[in-house]
Protein chains: 2
Amino acid sequence: MRTGRPRSFDRIDALDSAVVVFWEHGYDATSVSLLTTTLGIGAPSLYAAFGDKQTLFLEAVDRYLATYGAFVARALAEESQARRTVERLLREASAAYTSPEHPRGCLLISATTNCSPQSAGVAARLRELRTGGLRALEAKFADAIQAGKLTADTDAHALATFYAAVLQGMSAQARDGAGKDDLQHIADAAMRAWPSG
Amino acid sequence: MRTGRPRSFDRIDALDSAVVVFWEHGYDATSVSLLTTTLGIGAPSLYAAFGDKQTLFLEAVDRYLATYGAFVARALAEESQARRTVERLLREASAAYTSPEHPRGCLLISATTNCSPQSAGVAARLRELRTGGLRALEAKFADAIQAGKLTADTDAHALATFYAAVLQGMSAQARDGAGKDDLQHIADAAMRAWPSG
DNA sequence: ACATATCCCTAACGATCGCTCTAGAATGTG
DNA sequence: CACATTCTAGAGCGATCGTTAGGGATATGT
């Protein structure tokens, strides 16, 4: 049995708070002191529970992907048709990126846009995750071409890059103050670009 | 006549270098020491010539808009037809955002995505500039509707928001490593969303 | 040549950065 | 109860942040 004084705060609650702070300000601009005041714990407690700032951030990213950002993986996994996947992705992003319950936009997209050279590691990790999403979308399109749902001359890579850019643009617009309706209009316009055949 | 020892560096050259550094790393992540080493001048010289870091940044933004970013204002001013304006905007952005001559993407879009609370002022200024561009585009579309070039049921605001988002997405993709061809494909797809009438 | 004005460099300012040592408080097991 | 263990809280570590005096060097105007 684990002896000693138990931790006075809930680790998951603290992690969720850290997600929000990193989401709002990004990696570099989030100082440890801002984290400790927001989470309501001292710096040594934070370091004991999560390791250093970079480790905490990476765990916060995982937590984000398992919660707020899970709709992307769900759309990719649950929708079999490529077009429905994209429609659902854009529709759910319109709501997720503008919810008043949490910071605007997407943490994966916006948290490491500006980072100092010594934060290049976490920036590379997030870029990797973004690229992974793009590849998954591209594979979905390739399958649709294979199945004849998209014409053979469709460029799966180009189409995936386009919808990835649209999601990134929606995140940026949300952070600039656009509302859910604005983002849904972006989504509607983006669907007009779907290959007609 | 101005007496005393003249400045040993060219102010415009130094400003251009500052543009590049801010473009690459963003506002907060660009330290004054990085600026001084890159520009090859001491900190007191920098402060004497440009004022503090915030003032230098805002002047660098103006310089950016007058040089690398001037293609946006030119497209809006020189093209009378809305569709041609957007086509030219997206085409020139594909090249500008991926040129190997300078950092990727757009300074206005990417330089203040992550900033600490005390940098909120410069972030607000850049958001203002981005919103101004969106409004200019929206006005262009409103004119086209007035002139009958776009059907009366076209939503000028929604369309402008869409193409603004596409530009922001192209900037993000460029910073993630996409090439000129990738961005041109995004532009092509975005033009398929043009209202058919 | 001289006085003057401005420059550049060295050094350092206070504040904050990420991070940790130390001491005391609180819980578990015997 | 004592003891072992692990937590919390305050203070402070060296480094870097943006910024600015101080002083020698270098140019112009007379």
Side-chain angles (χ1 to χ4, degrees), chain A residues 1-15 17-18 21-22 24-61 111-112 114-123 125, chain B residues 1-15 17-18 21-22 24-61 111-112 114-123 125:
Chain A
M1 175 86 186
R2 188 175 178 81
T3 173
R5 177 179 173 177
R7 181 181 289 126
S8 69
F9 59 93
D10 186 278
R11 195 175 182 283
I12 298 295
D13 286 350
L15 184 57
S17 298
V21 181
F22 280 125
E24 175 84 32
H25 299 99
Y27 177 69
D28 266 351
T30 298
S31 67
V32 173
S33 73
L34 177 59
L35 284 166
T36 55
T37 56
T38 305
L39 310 202
I41 61 177
S45 303
L46 186 146
Y47 278 85
F50 299 106
D52 63 8
K53 181 183 167 182
Q54 173 170 329
T55 307
L56 168 57
F57 176 73
L58 293 178
E59 189 172 349
V61 169
T112 56
N114 313 124
C115 60
S116 53
Q118 62 263 32
S119 305
V122 292
R125 169 71 182 141
Chain B
M1 177 82 186
R2 188 176 179 79
T3 173
R5 176 178 174 178
R7 180 180 290 125
S8 70
F9 59 93
D10 186 279
R11 195 175 182 283
I12 298 294
D13 286 349
L15 185 57
S17 299
V21 181
F22 280 125
E24 175 85 34
H25 299 99
Y27 178 69
D28 266 351
T30 298
S31 67
V32 173
S33 73
L34 177 59
L35 283 166
T36 56
T37 55
T38 305
L39 311 199
I41 62 178
S45 304
L46 185 146
Y47 278 84
F50 299 105
D52 63 9
K53 182 184 168 183
Q54 173 170 329
T55 307
L56 168 57
F57 177 72
L58 293 177
E59 190 174 345
V61 169
T112 56
N114 312 125
C115 60
S116 54
Q118 62 262 33
S119 305
V122 293
R125 169 71 183 140

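Reminder, nothing fancy here: chain letters follow the sequence lines and each chain counts from 1. In this text, all values refer to a predicted model and were calculated from it rather than measured experimentally.
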- Message: My understanding is that only residues two or more places apart in sequence, or in another chain, count here; which of them pass side chain to side chain contact (heavy atoms under 4.5 Å, CB included) with A:Asp52?
- Response: A:Tyr47, A:Gln54, A:Thr55
- Task: Using atom CD of A:Gln118 as one end and atom P of D:dG14 as the other, report the distance to the nearest whole Å.
- Result: 20 Å
- Query: When rounded to the nearest 0.5 angstrom, what is the spacing between CZ in B:Phe50 and OG in B:Ser45?
  - Reply: 10.5 Å
- Nucleotide D:dG18, atom P - distance to CZ of B:Phe57 in whole Å: 13 Å
- Note on the structure: From CD1 of B:Ile41 across to C1' of C:dC8 the rounded distance in Å is 10 Å
- Message: Treating B:Asp28 as the side-chain partner and B:Ser116 as the backbone partner, does any N or O pair qualify as donor plus acceptor under 3.5 Å?
- Response: yes
- Please figure out whether B:Gly4 or A:Asp52 has its closest DNA chain C nucleotide nearer the 5' end. B:Gly4
- Name the nucleic acid region contacted by A:Thr30, choosing base, sugar-phosphate or nothing; use a 4.0 angstrom heavy-atom cut-off, strictly under. sugar-phosphate
- Tell me: CZ of B:Phe9 to P of C:dC7, nearest whole Å? 8 Å
- Query: Think A:Ser45 has a side-chain N or O under 4.0 angstrom from the OP1 or OP2 of D:dC7?
  - Reply: no
- Task: For A:Ala43 and for B:Ser33, find the nucleotide of DNA chain D with the closest heavy atom, then tell me which residue's nucleotide is more 5'.
- Result: A:Ala43
- Can you find an N or O donor on one side and an acceptor on the other, under 3.5 Å apart, linking the side chain of A:Arg5 with the base of C:dA25? yes
- Message: Which nucleotide wins on minimum distance to the side chain of A:Arg7, given the candidates D:dG10, C:dC9, D:dT8?
- Response: D:dT8
- To the nearest Å, give me how far apart CG (A:Leu46) and C1' (D:dT8) are. 13 Å
- Task: Using a 4.0 Å heavy-atom cut-off across all strands, classify A:Pro6 as base, sugar-phosphate, or nothing.
- Result: sugar-phosphate
- Message: What is the separation between atom OH on A:Tyr47 and atom C1' on C:dT22, rounded to the nearest whole Å?
- Response: 18 Å
- Selected nucleotide, minimal atom distance to B:Ser31 side chain, candidates D:dG18, C:dC9, C:dC8: D:dG18
- Query: Reckon B:Val32 touches a base, only the sugar-phosphate, or nothing at all at heavy-atom distances under 4.0 Å?
  - Reply: base
- Message: What contact category does B:Ala48 fall into here, base, sugar-phosphate, or nothing, at under 4.0 angstrom with non-hydrogen atoms?
- Response: nothing
- Query: Within the structure shown, what part of the strands sits under 4.0 Å from B:Ser116 by heavy-atom distance: base, sugar-phosphate, or nothing?
  - Reply: nothing
- Gap between atoms NZ and C1', on A:Lys53 and C:dC17 respectively (whole Å): 9 Å
- Message: Determine whether a donor-acceptor pair (N or O, by modelled atom type, separation under 3.5 Å) exists between the side chain of A:Arg11 and the backbone of A:Ala49.
- Response: yes
- Would you mind reading off the distance between B:Phe22 atom CZ and D:dG18 atom C1', rounded to a whole angstrom? 12 Å
- Message: Would you call the rings of A:Tyr27 and A:Phe57 parallel, tilted or perpendicular, taking 30° and 60° as the class edges?
- Response: tilted
